Amino acid sequence: MENKSLDGLFEDLLQNESLFKNKEVLRPSYTPASLPHRTEQVNTLATILVSALRGDTPSNILIYGKTGTGKTAVARYVGIELERKSEDINIECSVLYLNCEVIDTQYRLLANLAKHFGEDIPMTGWPTDQVFTKFKEAIDARKQVIIIILDEIDKLVKKGDDVLYNLSRINTDLVNAKVSMIGISNDLKFTEFLDPRVKSSLGEEEIIFPPYDAEQISDILRQRASIAYKENVLDEMVIPLCSAFAAQEHGDARRALDLLRVAGELAERENETHVGEPHVRRAQEKIEIDRIVEVVRTLPTQSKLALYSVMLLRNNGYRNVTTGEVYNVYRQLCVNVDMDVLTQRRVTDLISELDMLGILNAVVVSKGRYGRTKEIVLSVPIESTRRVLLEDYRLGMLAGFKPVITAQMHL
DNA sequence: TATCCACAGGAACTTGGGGCTA
DNA sequence: TAGCCCCAAGTTCCTGTGGATA
């Protein structure tokens, strides 16, 4: 009986008319046919890269700008156009895009590059210089210009700049091929950690992407909405409101597109025929909660224990908890769930990582004769975060746990 | 003004897992 | 199977910090 009613599950849902024509247009992976308010940056980048079409090596480029300012979209757009033109004029030119958030080690980066040129490189096991040699041999087999786009290049630099040093000098070892790099970062200061030789080589040209203002974001949204949504589906206030929310977040166009998409999805789920202001406001809340839930759910167990320690102290009335207090409670939790107790040094790092993720706010304060520590405040809603933490089977057994608090607490 | 506290955080090192080659 | 490599996570050791206190 139950199966019979489920048979038509998707048929029923498919009968509801969608508000979207093409939802993919609102996703970050989409590269639009034109980029409003980025003409200057597109032209600058194209001017630098045009030498690839003459068979020369373009200068290496560093692109800076905050999240959602169009850096990646511009680089990919110009890359696509460059490849298209090179085909027209029979110049071999490849543009490779790698995100260093995912490919964040020297070995993985080189292995990915080599694989692109048909080399069979294992996930691990080879000496890095062997992978580099394979990559060089693969690209130098024929005359070509290769542009490597390294998105979020700062993530790669955190684990050493050897790979950037090697790549920046690769042209001296090549006979046929020519390699140029485009580094994309939202951290203006990341080059401070680079070897001066890498710094000067990588930053031959620099392009800064300023944040969009609310009006510019509105233009971008209108352009995408006309492709993504059916006609007359969006209420008048939807785009200005999405733009205003995104402009508050340092002109983040990506956030604006997310808001526009999620607002539509919420309206669709409620079988509405229009997307209105309430949908945008609910979308704003949903995106933030989804982000927190996803981040907390995917934390390593040790980080979850550190976070749960902060929450237990908060539930016991402590507003600003210190590293020492957190560590005391953390040790008790570890014993209760039969986990290894990490050193305080390591727990300090876990707290710093939670701070960077925006789950905690940890500020270093000096309490004079009572030492120097971090004051830690939760930045996420307690109840929903607690529920997510207790979903972990190891933490589930801590549901009714009450810590013994012995430290000198400052209420 | 020197001392003290409770850490912060950098650097070097260790450990253990996964994978490759000979 | 031994020996090597990469890599993430963790440990150990160390110096630095800054404001209250004696």
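Order of the sequence lines sets the chain letters (A, B, ...), proteins ahead of strands, with each chain counted from 1. Please read these numbers as outputs of a predicted model, since none were measured by experiment.
- Scanning atom types as modelled, one donor and one acceptor separated by under 3.5 angstrom connect the side chain of A/Arg345 and the base of B/dG9.
- Enclosure of atom NZ in A/Lys143 is not indicated, since only 12 or fewer non-hydrogen atoms of other residues, nucleotides or ligands lie within 6.0 angstrom.
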> Tell me, for nucleotides 15-22 of chain B in 5' to 3' order, what letter each nucleotide earns: B for a base near a protein heavy atom under 4.0 Å, S for only sugar-phosphate near one, - for neither?
Replying inline: ---BBSS-

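- Checked against C/dC7, C/dG18, C/dT12, the side chain of A/Tyr107 finds its nearest nucleotide in C/dC7.
- Out of C/dA8, C/dT12, B/dA8, the shortest distance to the side chain of A/Thr348 is found at B/dA8.
- Distance A/Arg346 CZ to B/dA8 C1': 15 Å, rounded to the nearest Å.
- Spacing between atom CD1 of A/Ile376 and atom P of B/dC7 amounts to 10 Å, rounded to whole angstrom units.
- Checked against B/dA6, B/dG9, C/dG10, the side chain of A/Leu342 finds its nearest nucleotide in C/dG10.
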> Checking ring pair (Phe, Tyr, Trp, His ring centres under 6.0 Å) for the pair A/Tyr64/A/Phe209: CA distance, chi angles, key distance, verdict?
Replying inline: CA-CA 6 Å; A/Tyr64 298 107; A/Phe209 279 56; over 10 Å; no

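- No more than 12 heavy atoms of other residues, nucleotides or ligands lie within 6.0 Å of CD in A/Glu215, so this atom counts as exposed by the packing criterion.
- Rounded to whole Å, the distance from NZ on A/Lys134 to C1' on C/dC5 is 17 Å.
- Just one of A/Gln284, A/Glu285, A/Glu277 meets the side-chain hydrogen bond (donor to acceptor under 3.5 Å, both in side chains) condition when paired with A/Arg281; it is A/Glu277.
- Candidate nucleotides C/dG10, B/dA8, C/dT12 were compared by shortest atom distance to the side chain of A/Arg372, and B/dA8 ranks first.
- One atom, CG of A/Asp349, and another, C1' of C/dC13, lie 14 Å apart when rounded to the nearest Å.
- When rounded to the nearest whole Å, the span between CD of A/Gln344 and P of C/dA9 equals 21 Å.
- Annotation: proximity of residues 358-366 of chain A to DNA chain B (heavy atom, distance under 4.0 Å) is found for A/Val364, numbered in ascending order.
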Detail all sub-3.5 Å separations between protein N/O atoms and N/O atoms belonging to nucleotides 20-22 of chain C.
unit_1 : atom_1 : unit_2   : atom_2 : d
C/dA20 : O4'    : A/Arg369 : N      : 3.2

